[in-house]
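These notes concern the structure reproduced below.
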Amino acid sequence: MSENEKASNFIDEIIIDDLKTGKYQGRVHTRFPPEPNGYLHIGHAKSICMNFGFAANYEGGICNLRFDDTNPIKEEDEFVESIIKDVEWLGFDLTDRIFFASGYFQQLYNYAEQLIQSGDAYVDDQSAEDIRSTRGTLTKAGADSPFRNRTVEENLTLFRQMREGLFKDGEKVLRAKIDMSSANLNMRDPVMYRILHESHHRTGNDWCIYPMYDWAHGLEDSIEGITHSVCTLEFEDHRPLYDWFLIKLDVYRPQQIEFARLNVNYTITSKRKLARLVQEGHVSGWDDPRMPTISALRRRGYTPKSIREFSDKTGVAKRDGVADIALLNHSLREELNKVSERRMAVLDPLKLVITNYPENQDELLPGQNNPEDESAGKREIPFSRVLWVERSDYVENPPRKFFRLTVGQEVRLKHAYYVTCNDVIKDSEGNVKELHCTYDPATKGGWSDDGRKVRGTMQWVSEKHAIDAEVRLYDHLFTKENPEDVEEDGDFLDNINPDSLLVMKGCKIESSLKDADIESQFQFLRHGYFCVDRDSSKGKLIFNRTVALRDSWARKQKNK
RNA sequence: UGGGGAAUCGUUCAACGGUAGGACAGCGGACUCUGACUCCGUCAAUCUAGGUUCAAAUCCUAGUUCCCCAGCCA
């Protein structure tokens with residue numbers, strides 16, 4: 001995009017304007033700044049797509065992945081690894097673009113001394129409780145700390161001693177000297193450094209004081225030459241502080257821009273709550289395919305492109321809102337329809353015997369791999385006398401306009417023949433055991449030129465050639481659009497969907513799927529898009545249903 | 001009762017004083033060797049009340065509703 005093009009959202013507008021005025025000498029440099037204390041989820045994906053997207057949209061634009069690792073108590077290398085993997089998987093190049101806040105600890109420390117020198121920061125001996133109680137309230141001003149007016153020398157000495165480890169955790173903090181009566185609570189002498197005798201995942205035991213977010217973040221941006229520092233709405237109150245530090249230090253000043261974080265219906269993105277789902281065993285792990293984490297979406301079969309599309313389509317604004325998960329599914333189907341090879345699978349098998357088909361005869365029938373893509377070619381599908389079809393495709397007393405299997409109705413077996421059901425074999429309890437049909441040899445390939453109207457087409461697999469598979473069907477993890485919508489005294493777990501996972505065993509699938517790789521994706525005709533789960537092993541295939549096909553027939557029946 | 005934000009179809013984003021538009025969802029239909037895909041049609045919104053103006057979603061005034069902030073978390 002050039003600066004003459006139309007902005008697609010308010011942040012683009014700001015960027016284009018800055019490009020015009022030369023505010024940053026024509027640079028666009030963004031960053032995605034996760035704390036490595038957990039797994040990334042769909043909300044982070046949006047932020048990643050936005051930030052890397054802004055950079056990619058402009059000539060020479062750059063986006064850093066910067067780990068905001070200023071709290072050693074919560075952070076781990078494991079998360080650094082998974083975050084890098086997720087960002088790259090989403091399609092963004094991180095070559096030379098991985099940074100750590102911890103890499104700037106010394107610079108941050110020097111800046112802090114500079115602020116002490118200028119009389120803008122002081123060491124406070126008050127306890128955390130004291131600081132809290134003297135902060136005031138939303139409507140009442142806070143009170144100055146008794147240590148607020150120490151001399152520069154005393155502050156410097158104390159701060160250096162803090163850094164040297166002479167004090168215990170919590171004994172002292174460094175605070176910015178701003179205004180205890182500010183209406184903005186963030187400006188009431190915010191803590192810049194706390195003492196934490198903790199080993200850091202990257203700096204080990206080099207430090208026992210660690211910078212707070214507000215102190216560190218703007219400087220991290222400044223050091224990296226960030227131009228547009230995009231964050232979520234709750235940081236609007238922090239912007240004056242972000243600016244205050246940079247102005248006091250007289251350093252390069254990026255601008256913080258806030259937007260409304262992405263919320264998605266039927267899901268939660270609170271790290272704490274996701275952790276509860278895992279810890280309390282409501283899901284199998286952080287990458288359980290029902291989770292909204294990027295690793296779970298990947299395992300479930302969502303594609304990077306569909307997530308990027310979703311991110312684009314949900315837009316950028318300052319209004320709090322909830323995006324419809326259906327929009328993600330739309331993007332997904334749109335892509336998968338174009339690229340997925342089709343296969344036939346019978347999830348709930350019912351035996352169908354073609355009584356007039358020769359015993360012991362097999363034949364191979366060609367089937368198109370992907371009607372949306374000629375280059376995907378064809379495959380040979382084995383056909384024989386005994387087949388599996390979907391149990392739900394047979395109905396004894398069909399509703400109006402039912403085109404599937406019922407006695408006397410001719411249907412098409414995809415790629416194969418027309419068959420007509422003549423007899424239904426039931427067990428003593430009246431359960432349907434088998435369908436006995438006859439086929440028309442003249443309809444080989446699934447077509448006849450005589451103008452016969454066959455409206456129903458269904459998938460099948462040859463009994464003797466089929467292989468077994470387990471198929472996992474997923475539904476929303478929560479029953480309510482807003483999982484937080486609970487009765488008094490309830491919590492979000494009350495809204496867990498007991499049917500969010502349905503495991504189908506003994507499914508019958510085409511033998512061509514035998515050597516399918518982990519994560520490979522297919523459309524199972526008339527069912528949906530599926531991928532091979534990593535729980536699969538040799539001889540035991542397990543498929544995840546990524547998303548079902550739209551089913552207007554089922555919807556219509558349901559509405560009746 | 002302090003400060004900071006936000007209010008447009010069911011949802012979401014646009015319209016930057018000049019015809020309220022797109023996407024998703026919904027509904028109806030056509031097509032179809034997937035009741036898929038595709039195509040066509042259709043439903044549907046400016047928080048309220050005043051004001052300025054030839055003209056207001058947009059500007060002004062007064063309200064209303066919702067979100068965020070009192071971590072030595074980010």
Side-chain angles (χ1 to χ4, degrees), chain A residues 8-9 13 33-35 37 68-71 73-75 124 126-128 131-133 135-142 169-175 182-188 190-196 209-210 212-214 216-217 231-240 258 260 265 271 310 312-331 333-334 337-338 342 344 367-368 371-372 401-404 412-416 418 443 445-447 454-459 481 523-528 548-557 559:
Chain A
S8 51
N9 59 62
E13 233 164 75
E35 182 187 14
N37 70 343
D68 217 346
D69 54 351
T70 57
N71 185 349
I73 297 170
K74 297 160 73 175
E75 296 148 8
D124 194 344
Q126 290 185 111
S127 67
I131 289 178
R132 191 185 318 126
S133 62
R135 185 155 24 228
T137 67
L138 294 178
T139 51
K140 260 181 35 208
D169 287 8
E171 233 179 287
K172 289 184 167 39
V173 290
L174 184 71
R175 288 230 257 175
S182 172
N184 181 346
L185 266 31
N186 296 120
M187 302 298 272
R188 321 246 259 227
V191 172
M192 294 164 61
Y193 275 98
R194 75 283 216 190
I195 299 170
L196 252 25
I209 57 171
Y210 290 92
M212 296 286 291
Y213 168 86
D214 285 307
H217 204 88
C231 64
T232 45
L233 254 26
E234 69 268 28
F235 290 101
E236 280 178 318
D237 289 347
H238 296 243
R239 188 171 1 107
E258 310 85 12
N265 60 9
K271 250 177 218 175
F310 177 58
D312 281 351
K313 285 176 175 167
T314 47
V316 178
K318 297 196 73 157
R319 170 160 46 147
D320 276 313
V322 184
D324 193 342
I325 188 72
L327 187 53
L328 207 211
N329 289 333
H330 167 78
S331 301
R333 289 194 190 100
E334 193 171 53
N337 174 51
K338 292 278 189 296
R342 317 282 126 127
M344 295 199 284
Q368 217 177 356
E372 302 284 328
K401 291 200 168 179
F402 179 84
F403 305 133
R404 278 106 97 149
R412 170 166 37 238
L413 296 178
K414 180 86 176 172
H415 305 308
Y418 294 174
T443 58
W447 184 248
V454 178
R455 301 287 300 271
T457 300
M458 60 229 41
Q459 83 279 19
E481 275 205 44
Q523 183 197 98
F524 286 173
L525 246 35
R526 302 206 302 140
H527 279 302
L549 251 24
R550 289 169 56 111
D551 189 347
S552 59
W553 169 252
R555 195 184 311 129
K556 211 175 271 187
Q557 296 305 301
N559 288 344

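Each chain gets a letter, A, B and so on, in the order its sequence line appears, and its residues count up from 1. From a predicted model like this one, the values you see are computed outputs, not experimental measurements.
- Among the protein residues, A:Arg175 comes within range of no part of the nucleic acid, since none of its heavy atoms lies under 4.0 Å from any strand.
- Within the structure, every side-chain polar atom (N or O) of A:Arg412 is placed at least 4.0 Å from both OP1 and OP2 of B:U34.
- Nearest to the side-chain atoms of A:Thr70 among the listed nucleotides B:A14, B:A74, B:G3 stands B:A74.
- For the P atoms, the distance linking B:U61 with B:A25 amounts to 42 Å, nearest Å.
- For the P atoms, the distance from B:G28 to B:A70 is 49 Å, rounded to whole Å.
- Annotation: of the two residues near RNA chain B, A:Trp447 and A:Arg239, the 5′-most nearest-nucleotide partner is A:Arg239.
- The side chain of A:Thr139 places no N or O atom within less than 4.0 Å of a non-bridging phosphate oxygen (OP1 or OP2) of B:G3.
- Rounding to whole angstrom units, CE of residue A:Met212 and P of B:A74 are separated by 5 Å.
- Helical stems in RNA chain B, defined as runs of 3 or more consecutive Watson-Crick or G-U wobble pairs with donor-acceptor distances under 3.5 Å: B:2-7 with B:64-69, B:10-13 with B:21-24, B:26-30 with B:38-42, B:47-51 with B:59-63.
- Within a 6.0 Å radius of NZ in A:Lys556, other residues, nucleotides and ligands contribute 12 heavy atoms or fewer.
- The CG atom of A:Leu138 sits 13 Å away from the P atom of B:C68 (whole-angstrom rounding).
- Counting atom types as modelled, A:Asp237 pairs a side-chain N or O with a base atom of B:G3 as donor and acceptor under 3.5 Å.
- Using modelled atom types, one side-chain atom of A:Asn265 and one backbone atom of A:Ile325 make a donor-acceptor pair closer than 3.5 Å.
- For the C1' atom pair drawn from B:C43 and B:U32, the interatomic distance equals 26 Å after rounding to whole Å.
- Contact check, A:Arg550 against B:U34: no side-chain N or O comes under 4.0 Å of OP1 or OP2.
- Here A:Tyr193 lies out of heavy-atom contact (under 4.0 Å) with every strand.
- Straight-line distance between the C1' atoms of B:A15 and B:G4: roughly 27 Å, to the nearest whole Å.
- The base of B:C16 is paired with the side chain of A:Glu13 by a donor and an acceptor separated by under 3.5 Å.
- Neither OP1 nor OP2 of B:C37 sits under 4.0 Å from any side-chain N or O of A:Arg526.
- Taking atom CD on A:Glu234 and atom P on B:G4, their separation rounds to 18 Å, with Å as the unit.
- Aromatic ring pairs are classed by plane angle as parallel below 30°, tilted from 30° to 60° and perpendicular above 60°; the pair A:Tyr213 and A:His238 is perpendicular.
- Comparing the P positions of B:C31 and B:A36 gives a spacing of 13 Å, expressed to the nearest Å.
- Between A:Asp320 atom CG and B:C69 atom C1' there is a gap of 14 Å when expressed in whole angstrom units.
- A:Lys313 and A:Glu334 are joined by a salt bridge, as a carboxylate oxygen and a charged side-chain nitrogen come within less than 4.0 angstrom of each other.
- Atom name P, nucleotides B:U46 and B:A57: the rounded distance is 10 Å, in whole Å.
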